[in-house]
Amino acid sequence: MIVAYIVLTLLWLSVIVYAALGGADFGGGIWDFLAFGPQAEKQRRLVGRALGPVWEANHVWLIFLIVGLYTAFPIVFSTVSIALFVPFSIALIGIVLRGSAFAFRGHAAAVTTSKFLGRIFSTASTITPFMLGASAAAVASGQIRAPAGNVQTDLWTGWTTPFALTIGAMAVSLCAVLAAVYLILEARAIKDTVLEEAFRTRAIITGAITAVLGAIGILLSQSEAPLLWHGMLAHAIPIVIATMVVGLCTAAALFLRRYQLARILMLLEVAFLLGSWGVSQLPYIIPPDVTVLNAASPSLTLLEFLISTVIGMLILLPSLWFLFHVFKGENPVPRVQGKGSEGQQHHD
Amino acid sequence: MANILAARAQMGTSLAFHIIFSVLGVGLPLLLCVAEGLALKNKDATWMALTRRWTKAFAILFAIGAVSGTIISFEIGLLWPTFTKYSGSIIGLPFALEGFAFFTEAIFLGLYLYGWDRLSPRVHWLCSFPVWISGAASAWFIVSANSWMNTPAGFEIKNGQVTGINPFQAILNPSTPYETIHMILACYVATGFAVAAIYAVAMLRGKRGDYYRKGLLLGLAMGAIAIPLQIVSGDFNARFLASAQPAKFAAMEAHFKTETGPPLLIGGFADPATGQVYYAIEIPHGESLLVNGDLNSTIKGLDAIAPNDRPNPLPVHLSFDGMVGSGFFILFVGIVFWLLYFFRKRVVPANRLLLWGIFLSGPLAFLAIELGWMVTEEGRQPWTISGFLRTQDAVTPAPWLNVSFLIFSVIYVLLAITLVVLLLRLARKPLPNLQWPLAETDEEESDEMVGAK
């Protein structure tokens with residue numbers, strides 16, 4: 001059924017967008033944690049300013065992924081809910097603590113409270129992507145067995161292997177690179193060259209770490225995720241090579257201080273990385289028992305989901321563009337004193 | 001704690017927590033839209049100050065609602081994977097639609113909360129419209145999914161297999177119009193009276209300015225328009241349940257025996273072991289009259305339901321009567337207030353008794369919502385999908401659910417305490433100088449909101 005593949009692609013795109021936007025949010029928390037030196041406070045303020053208007057909108061991609069799986073591939077949702085109960089529960093606790101700590105921190109009266117909430121925020125920002133990365137590796141490893149939708153693995157299978165732990169760590173460092181690249185541009189928007197350079201350094205270092213962890217992951221996959229390994233070498237090889245090439249170009253762009261380009265390349269890198277994973281696994285969603293076709297909902301459901309998504313995107317994408325236009329980029333809409341209450345100005 | 005009990009306890013606690021923020025997420029945006037509209041139209045600094053203050057409160061509430069909503073969407077899978085396996089293709093769609101509505105609300109709320117200085121006043125006000133419209137739409141979608149659990153539709157069972165799945169039919173199942181309207185009205189009742197309650201407290205403490213008057217009036221306006229509609233909706237809902245879900249109806253009315261011309265039982269403890277109701281106030285033929293307009297109609301009791309399929313009338317009946325009682329109290333308070341207001345030619349009545357009544361109505365309205373959900377969820381037991389999937393068969397095989405329940409309960413308690421502390425602190429902030437144009441949100445205030453202090 002072609003519809004099943006179209007919906008799957010859509011859901012995969014939402015994983016990519018979540019990684020690109022939500023991942024940067026997690027990365028912001030990581031840099032908040034790692035802020036040190038005389039610039040630490042300024043770094044934290046930059047993170048806060050960047051995250052403020054957009055973090056709730058960013059995390060809705062995760063919800064879309066969950067409800068999308070629930071509607072279009074319910075067996076996948078129910079299987080991972082059982083097999084990955086532990087990492088998902090931990091990731092969930094992280095998401096909760098993170099969101100609330102961030103919301104509360106701005107109102108903390110005492111500096112110690114603010115610091116405490118900050119610690120919660122940044123710890124949770126590290127744990128959640130790690131768990132999500134390890135969960136992804138568990139799925140890719142083929143160790144989750146669920147013939148006819150009946151889960152047969154125990155609670156620890158798949159996500160506690162060296163391969164899974166490596167991918168978990170890679171997820172964390174990927175979030176860190178993403179955030180660092182965005183923060184370079186945020187620093188530029190407020191014309192702070194010291195911060196710009198600080199985050200450039202961080203981006204390069206964590207980029208290198210991510211690449212190393214990725215290489216270790218690929219090596220480990222030979223023994224611990226053979227289906228993935230073979231898929232990468234076979235039908236996914238063009239994407240895998242493209243991922244490496246884009247990664248090198250991103251590093252080059254960072255070195256040459258071409259930051260706008262670096263951001264675009266970084267987003268492409270995330271897309272190709274996750275694309276490699278998805279394509280390597282085809283036709284399985286949860287190898288080896290759950291395939292695209294045996295997990296898909298009937299075509300009427302898929303079609304209605306697809307149509308709803310298209311209509312939803314027609315409303316959402318322009319709205320999202322407007323949000324980012326007002327607050328982000330090299331030229332966000334300027335703040336104007338006295339604008340909020342006169343009722344006489346006509347700037348739109 | 002047995003696994004299924006822990007799972008139900010965790011889900012119930014999560015929902016009871018989340019509903020508070022969902023309700024405010026539907027009601028507050030409408031208040032903001034009206035208040036800011038009045039401010040701009042009349043160049044009124046007081047309405048603008050109220051808008052600004054409510055906006056700050058809403059920023060915190062929305063964030064907590066977003067995380068608690070994320071928990072729910074995970075928990076549906078983590079706690080009830082068998083439910084998700086069977087129901088996803090049928091009723092997953094409204095969850096996706098709710099996701100879009102919530103996403104839209106989040107985007108425009110981002111613009112509204114942080115765009116005071118960057119958008120023109122008119123554009124800023126226009127951004128409030130998608131917020132309250134999406135909020136109401138979200139409520140509609142989610143409640144349609146719950147409606148489906150009560151009166152399933154949009155599929156067939158042939159040879160033990162689910163076929164003929166039609167998601168639109170599933171969304172438009174028989175309960176949807178009743179439940180959705182009832183919940184959306186509940187949001188407006190509760191938000192309106194909760195906001196009014198805050199200003200009633202201020203007035204009980206002697207504060208009498210225009211600011212408190214207007215806050216009280218707008219909250220009461222929304223609440224008092226919604227509550228009579230809600231009572232009527234409740235009546236329609238109950239009558240519908242008598243035919244569509246007779247087991248739930250019998251439990252909520254503590255109606256053990258099928259009989260002709262049954263009395264209305266107000267309050268009382270329904271003991272399933274003895275089949276008796278203790279300490280209830282009986283109104284002869286009341287039940288029969290309410291349901292069918294006839295003193296001697298026959299109404300099914302719990303005895304008409306197979307023993308394994310009966311919900312427990314003890315909590316269901318008490319919850320139902322608690323909800324209805326709260327609703328009537330709130331209606332009474334609303335009527336008294338508006339009668340006095342108009343008789344005294346638009347002077348806000350400052351009668352202490354009345355202000356206490358308004359103050360109580362705020363939390364009572366939220367209590368009514370929690371009790372109402374108890375009725376509909378407990379009253380549907382032992383089913384998760386009425387007539388198709390039992391709750392005991394829907395739960396996850398994963399162990400340690402009592403640990404999970406404990407952790408999340410602790411998180412909810414901590415969140416609630418922090419929230420109350422923050423909101424009280426916000427409420428105690430001194431008011432700005434109430435002159436038009438209102439003093440700008442300065443850099444420090446905005447920094448506060450982004451957590452960059």
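Every chain is numbered from 1 and lettered A, B, ... according to where its sequence line falls, protein lines coming before strand lines. Remember, it's a predicted structure, so these values are computed and weren't measured experimentally.
Within the 4.5 angstrom heavy-atom criterion, no atom of B:T163 approaches chain A. Neither the backbone nor the side chain of B:L126 comes within contact range of chain A, judged by heavy atoms closer than 4.5 Å. Using a 4.5 Å cut-off between heavy atoms, B:L414 makes no contact with chain A at all. Of the atoms belonging to B:T396, it is side-chain heavy atoms, and not backbone ones, that fall under 4.5 Å from chain A. Both the backbone and the side chain of B:I71 have a heavy atom closer than 4.5 Å to some heavy atom of chain A. In this structure, chain A has a heavy atom under 4.5 Å from the side chain of B:L97, while its backbone stays farther away. Heavy atoms closer than 4.5 Å to chain A are found in both the backbone and the side chain of B:F168. At a 4.5 Å heavy-atom cutoff, the contact between A:I63 and chain B is made by side-chain atoms alone. Only the side chain of A:F64 comes within contact range of chain B, with heavy atoms under 4.5 Å apart. When heavy atoms are compared at a cutoff of 4.5 Å, B:L415 approaches chain A by way of both its backbone and its side chain. Looking at B:P167, both its backbone and its side chain come within 4.5 Å of chain A, counting heavy atoms on both sides. In this structure, the portions of B:P399 lying under 4.5 Å from any heavy atom of chain A include both its backbone and its side chain.
Between A:F85 and B:F74, the distance separating the two ring centers is not shorter than 6.0 angstrom. The six-membered or imidazole ring of A:Y70 lies near that of B:F95, with a centre-to-centre distance under 6.0 Å. No close placement of the B:W125 and B:Y112 rings is indicated, their centers lying 6.0 Å or farther apart.
For the options B:A96, B:G99, B:A170, heavy-atom pairs under 4.5 Å to chain A are most numerous at B:A96. Per-residue heavy-atom pair counts under 4.5 Å with chain B were compared for A:S319, A:G68, A:A91, A:G312, and the maximum is reached by A:S319. The most heavy-atom pairs under 4.5 Å with chain B, out of A:I315, A:I75, A:T309, A:L155, come from A:T309. Interface check for chain A: of the options B:S68, B:S404, B:P130, B:S87, the most heavy-atom pairs under 4.5 Å are formed by B:S87. The candidate with the highest count of non-hydrogen atom pairs below 4.5 Å against chain A, out of B:G92, B:A398, B:S73, is B:G92. Looking only at heavy-atom pairs under 4.5 Å with chain A, the residue among B:I90, B:L419, B:L79, B:V421 that has the most is B:L419.
A:S297 and B:S89 form a side-chain donor-acceptor contact under 3.5 Å, judged by distance and modelled atom types alone. A donor and an acceptor atom, one from each side chain of A:R98 and A:S125, are located under 3.5 Å apart.
Using modelled atom types, no side-chain atom of B:D44 and backbone atom of B:A39 make a donor-acceptor pair closer than 3.5 Å.
Minimum heavy-atom separation, A:A124 to A:G94: CB-O, 3.3 Å. Here the closest non-hydrogen pair linking B:V395 and B:A7 is CG2-CB, 3.5 Å. Contact detail for B:T51 and B:L32: the closest heavy-atom pair is O-CD2, 3.5 Å. Across every non-hydrogen atom of A:A295 and A:V290, the tightest pair is CB-CG1, 3.5 Å.
By the 6.0 Å and 45° rule, B:R52 stacks over the aromatic ring of B:W116.
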